[in-house]
Amino acid sequence: MMRFPFTSRAALTALATVLACGLAAAPAKAEPTVEVLHYWTSGGESKAAGALRREFEAAGGRWIDAPVAGGGGDAASTVLRSRVLAGDPPNAVQLKGPNIRDWAEQGTLASLDEVARAEGWEKTLPPLVLDVMKHEGRFVAVPVNIHRVNWLWINPRVFGKAGLTVPKTWDEFNAAAEKLKAAGITPLAHGSQPWQDTSVFEDVALGIGGADFFRKALVELNEEALTGETMVKVFDQMRKLRGYVDAGFNNRDWNLSTAMLMNGQAAMQIMGDWAKGELLAAGKVPGKDFLCVAVPGQSGYIVNADSFVMFKSGNADRTAGQMLLAKLILGPSFQETFNTLKGSIPARQDMPRDKFDECAVKSMDDLKAAVANNTAVPSMAHEMSVPGAVRGAFLDVVTSHFNSDMTSQEAVRKLAEAIELAK
Ligand code: BGC
């Protein structure tokens, strides 16, 4: 007779249960899993990314973090390309604007139509964002937020001490900067990395030329606009700004510039509202420790929406993870938690405003006004308007102008040439 090595009744029952489960061959429970490639690594950004991870895990998902440091996401794009070439794309990728279309055209992106239908995305997203998320009528990306690029951040203590008021024109800005400089204070906290220089450049372009000029030059790549008087003036102002940064500006990360602003080592920073995420993460209070105002000059709103795409996967757990993540990203609870930490405003248009601070409320109002009077424009520097190669041409010329004694006339000539080659 066969003898079991167990003698107690309880042990036998346990063994029987284990065997029965094995024999019934119950299907394994799916574990929604995603590997997420993103570039949210600064203090404020990682707090916000952490909120997404927590929400995903609380819903039963397994999150594999794949962060790539480097503001603006240029380093992350390089990693993405090499992972795709190696046949090992991450499942969920932070990706924007025309890049979404490019990857969709390669047939690499999963359709999010089912989630979109179930969650009513069409009804909650503004047309401005909606169009970018679709390819040939199908949803291939899910938006997280709307960042405004053209913000000027001011340290009110430093401004108060120097007897300055908020500049509304570039002449007022330059006058304030000269006064600060004469008092031994760095007027502008800035890090010269190509994407940061170009971010400032597009803000100056909007301020000096207005939304129509911005669209002609930085979206439609109209040659007259690229080489005309207004563009020369934009480079003239960039040259002025070069004189307002400190000696250590070269290759400084954007969040270190934000630290200079909050510590009073510099009076101002020109940066998108992810800078507010950084200020909030350090416990700073809007209206008291920092002011958020639109970049000087003509009014308008430079739109930069973060979004995620899901690379097709043959694995059931991964597909389940992708759909769960897409659903959560546009859920009202996540939209509120994430955007209050990130500095942006919700991509959804039906969110209550009460949890958002005065800068976010201003952003919501200004966006509404800009849409109504046609002065909302897509960011070139943050990959919302032109193909990658053309953006690269802008980055090259703007940065080499900022870091040399190139004249404005030379810069516009080089810009037009580089764009022609990149088109
Ligand atoms: C992204 C932001 C990010 C910033 C700095 C922008 O292009 O849209 O989400 O915080 O770059 O890395």
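Each ligand, and each atom within it, is numbered from 1 in the order the structure gives.
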query = Quick one: which of Arg239, Met231, Lys233 gives a side-chain contact (heavy atoms from CB on, under 4.5 Å) with Phe235?
reply = Met231

inquiry  = Run the salt bridge (charged side-chain N to carboxylate O under 4.0 Å, His left out) test against Asp396 and tell me which residues pass, sequence neighbours left out.
reply    = none

note = Sorted by chain and number, sequence neighbours left out, ring pair (Phe, Tyr, Trp, His ring centres under 6.0 Å) with Trp170 holds for Phe173

query = With Asp405, which residues qualify under salt bridge (charged side-chain N to carboxylate O under 4.0 Å, His left out), at least two apart?
reply = none

message = Assess whether a salt bridge exists between Glu57 and Arg53, defined as any Lys/Arg side-chain N lying under 4.0 Å from an Asp/Glu carboxylate O.
response = yes

message = Are Trp195 and His382, when compared by the centres of their aromatic rings, separated by less than 6.0 Å?
response = yes

inquiry  = Show me, by chain and number, every protein residue that has a heavy-atom distance under 4.0 Å to ligand 1.
reply    = Tyr39, Trp40, Glu45, Gly71, Gly72, Lys96, His147, Trp254, Trp274, Asn304, Asp306, Lys342, His382

